[in-house]
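Below: the structure, in structure tokens.
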There are 2 protein chains.
Amino acid sequence: MEKHPQHCQVVVALDMIVGKWKPIILQHLIIGGTKRFNELRRLMPDITQRMLTLNLRELEEQDIIERVVYPEVPPRVEYSISEYGKSLEPLLDSMHEWGMAHLEHMKKKEKELGADDKSS
Amino acid sequence: MEKHPQHCQVVVALDMIVGKWKPIILQHLIIGGTKRFNELRRLMPDITQRMLTLNLRELEEQDIIERVVYPEVPPRVEYSISEYGKSLEPLLDSMHEWGMAHLEHMKKKEKELGADDKSS
DNA sequence: CGGCATCCTCCATGATACTG
DNA sequence: CAGTATCATGGAGGATGCCG
């Protein structure tokens with residue numbers, strides 16, 4: 001295992017979770033467990049049906065979530081984090097924590113800018 | 001401190017490093033240390049001057065990197081990871097490792113599909 | 001050398017309507 | 001309920017030329 005592989009695989013990880021909705025979908029499925037399609041819609045009132053479908057399909061394709069269709073009437077489809085998807089949880093947790101810390105950092109910065117305004 | 005803050009701050013962290021080039025720029029500055037503008041260009045032959053400038057400016061604005069201008073002729077501008085930016089390193093490392101593991105996962109998957117391919 | 005100013009392209013996302 | 005099918009759009013990214 002090299003220390004400096006040619007190409008940084010950060011982008012590989014990034015590709016799995018980027019997008020306006022993917023992180024939020026994952027958060028809901030991780031924290032809230034299995035959810036039906038319309039449950040997710042209710043949890044994310046601003047997402048369109050189209051984008052929810054597309055994102056769920058991508059995440060499924062990526063093995064991150066599982067999609068189970070129950071052949072009932074009315075239809076029921078349940079989404080959940082896959083076993084493999086769970087390997088992302090530590091990463092998402094770290095990112096969440098860093099995000100929180102960053103918001104603090106920004107607040108401090110703002111204050112400094114207010115107080116520190118005598119610097120040339 | 002709540003356990004389930006209203007909004008997942010994963011997106012906050014994500015915002016700092018998403019983009020086609022930001023992760024790569026960061027990787028170079030982290031691994032290779034301080035770099036001049038054109039050094040970075042050489043390291044990323046496919047990035048346009050415009051995007052390199054824009055991304056560097058954003059990262060600077062976000063306190064992630066530092067930009068030092070030497071008033072010489074010809075001009076010299078050096079970029080480096082800031083102290084604060086270093087707090088991103090563990091995250092980037094984790095993402096890199098997850099990315100590597102994911103590539104392995106994909107390879108395995110492909111093989112399975114190959115062996116499993118009695119359909120059509 | 002290290003930019004900035006324009007113009008352009010394409011893709012992620014969105015709005016809306018329809019359906020098994 | 002859980003989707004598809006179209007069409008529209010804004011913004012990230014790119015190409016190119018000029019500048020101190």
Side-chain angles (χ1 to χ4, degrees), chain A residues 7-8 10-29 32-62 64-80, chain B residues 7-8 10-29 32-62 64-80:
Chain A
H7 298 294
C8 84
V10 172
V11 301
V12 174
L14 230 33
D15 272 352
M16 308 295 283
I17 54 177
V18 286
K20 189 169 175 183
W21 301 105
K22 274 189 191 175
I24 304 169
I25 293 173
L26 290 176
Q27 202 85 346
H28 281 303
L29 291 181
T34 301
K35 292 269 174 275
R36 298 179 60 167
F37 187 82
N38 276 359
E39 280 187 281
L40 288 171
R41 281 191 76 189
R42 276 188 286 278
L43 290 168
M44 296 174 286
D46 289 345
I47 197 175
T48 61
Q49 240 173 8
R50 168 186 160 76
M51 287 318 293
L52 182 53
T53 303
L54 285 178
N55 281 316
L56 288 170
R57 287 296 200 282
E58 269 183 58
L59 289 168
E60 186 196 4
E61 180 73 17
Q62 293 163 332
I64 300 298
I65 67 174
E66 269 162 20
R67 176 174 182 265
V68 180
V69 181
Y70 295 88
E72 308 172 354
V73 177
R76 180 158 57 107
V77 180
E78 290 188 347
Y79 295 92
S80 56
Chain B
H7 298 293
C8 84
V10 171
V11 301
V12 174
L14 230 32
D15 272 352
M16 308 294 283
I17 55 176
V18 287
K20 189 169 174 182
W21 302 105
K22 273 191 191 175
I24 304 170
I25 294 173
L26 290 176
Q27 203 84 347
H28 281 304
L29 292 181
T34 301
K35 292 270 173 273
R36 298 180 60 167
F37 187 83
N38 275 358
E39 279 187 282
L40 288 170
R41 281 190 78 187
R42 276 189 286 278
L43 289 168
M44 297 174 287
D46 289 347
I47 196 174
T48 61
Q49 243 174 7
R50 168 187 158 77
M51 287 318 293
L52 183 53
T53 303
L54 285 178
N55 281 317
L56 287 170
R57 287 298 199 281
E58 270 184 57
L59 289 168
E60 186 195 5
E61 180 71 17
Q62 294 161 332
I64 300 299
I65 67 174
E66 267 162 22
R67 177 173 182 266
V68 180
V69 181
Y70 295 88
E72 309 172 353
V73 176
R76 180 159 57 107
V77 181
E78 290 188 345
Y79 295 92
S80 56

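So that the names make sense, note that chain A is the first sequence line, chain B the second, and so on, each numbered from 1.
Between chain B and DNA chain C, the heavy-atom contact criterion of under 4.0 Å yields a 5' to 3' nucleotide range of dC1(C) to dT6(C).
A heavy-atom distance below 4.5 Å is not found between the side chains of Pro75(B) and Val69(B). Side-chain contact check for Thr48(B) versus Thr53(B): every heavy-atom pair is 4.5 Å or farther apart. Between Ile65(B) and Leu29(B) there is a side-chain heavy-atom pair separated by less than 4.5 Å.
Within the structure, salt bridge (charged side-chain N to carboxylate O under 4.0 Å, His left out) pairs that include any residue of residues 38-60 of chain A comprise Lys22(A)-Glu58(A) (at least two apart or interchain).
In this structure, CD1 on Ile25(A) lies 11.0 Å from SG on Cys8(B), to the nearest 0.5 angstrom. To the nearest 0.5 Å, atoms CZ (Phe37(A)) and CG (Leu56(A)) are separated by 6.5 Å. Between the CG atom in Leu59(B) and the CD1 atom in Ile17(B) there is a gap of 10.5 Å [rounded to 0.5 Å]. Rounding to the nearest 0.5 Å places NZ of Lys35(A) at 7.5 Å from CG of Leu40(A). Between the CH2 atom in Trp21(A) and the CG atom in Leu52(A) there is a gap of 9.5 Å [rounded to 0.5 Å]. Expressed to the nearest 0.5 Å, how far CG of Leu43(B) lies from CD1 of Ile24(B) amounts to 11.0 Å.
Summary for the helix from dC1(C)-dG20(D) to dG20(C)-dC1(D): the axes at its two ends, each from 5 pairs, differ by 50° when rounded to the nearest 10 degrees.
For the pair Trp21(B) CH2 and dG13(D) P, the computed distance is 10 Å after rounding to whole Å. If you take CG of Asn38(A) and P of dA2(D), they are 5 Å apart, rounded to a whole angstrom. Taking atom CD of residue Glu72(A) and atom P of nucleotide dA2(D), one finds them 10 Å apart after rounding to whole Å. Between Met51(B) atom CE and dT16(D) atom P the separation is 16 Å, expressed in whole Å. Straight-line distance from the CD1 atom of Ile47(B) to the P atom of dG13(D): 9 Å, rounded to whole Å. For Arg36(A) and dG3(D), the CZ to C1' distance is 13 Å, given to the nearest whole Å.
Contacts between residues 52-60 of chain A and DNA chain D, defined by a heavy-atom separation under 4.0 Å, are made by Thr53(A), Arg57(A).
Residues satisfying the salt bridge (charged side-chain N to carboxylate O under 4.0 Å, His left out) test with Arg76(A), not counting sequence neighbours, are Glu72(A), Glu78(A).
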### Task
Apply side-chain contact (heavy atoms from CB on, under 4.5 Å) to the pair Arg36(A) and Val77(A), showing each step before the final yes or no.
CA-CA 6 Å; Arg36(A) 298 179 60 167; Val77(A) 180; over 6 Å; no
Please list, for nucleotides 6-11 of chain D, all pairs of protein and nucleotide N/O atoms separated by less than 3.5 Å.
{"unit_1": "dT6(D)", "atom_1": "O4", "unit_2": "Arg50(A)", "atom_2": "NH1", "d": "3.4"}

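Heavy atoms of Tyr79(A) sit under 4.0 angstrom from primed sugar atoms or phosphate atoms, though from no base atom.
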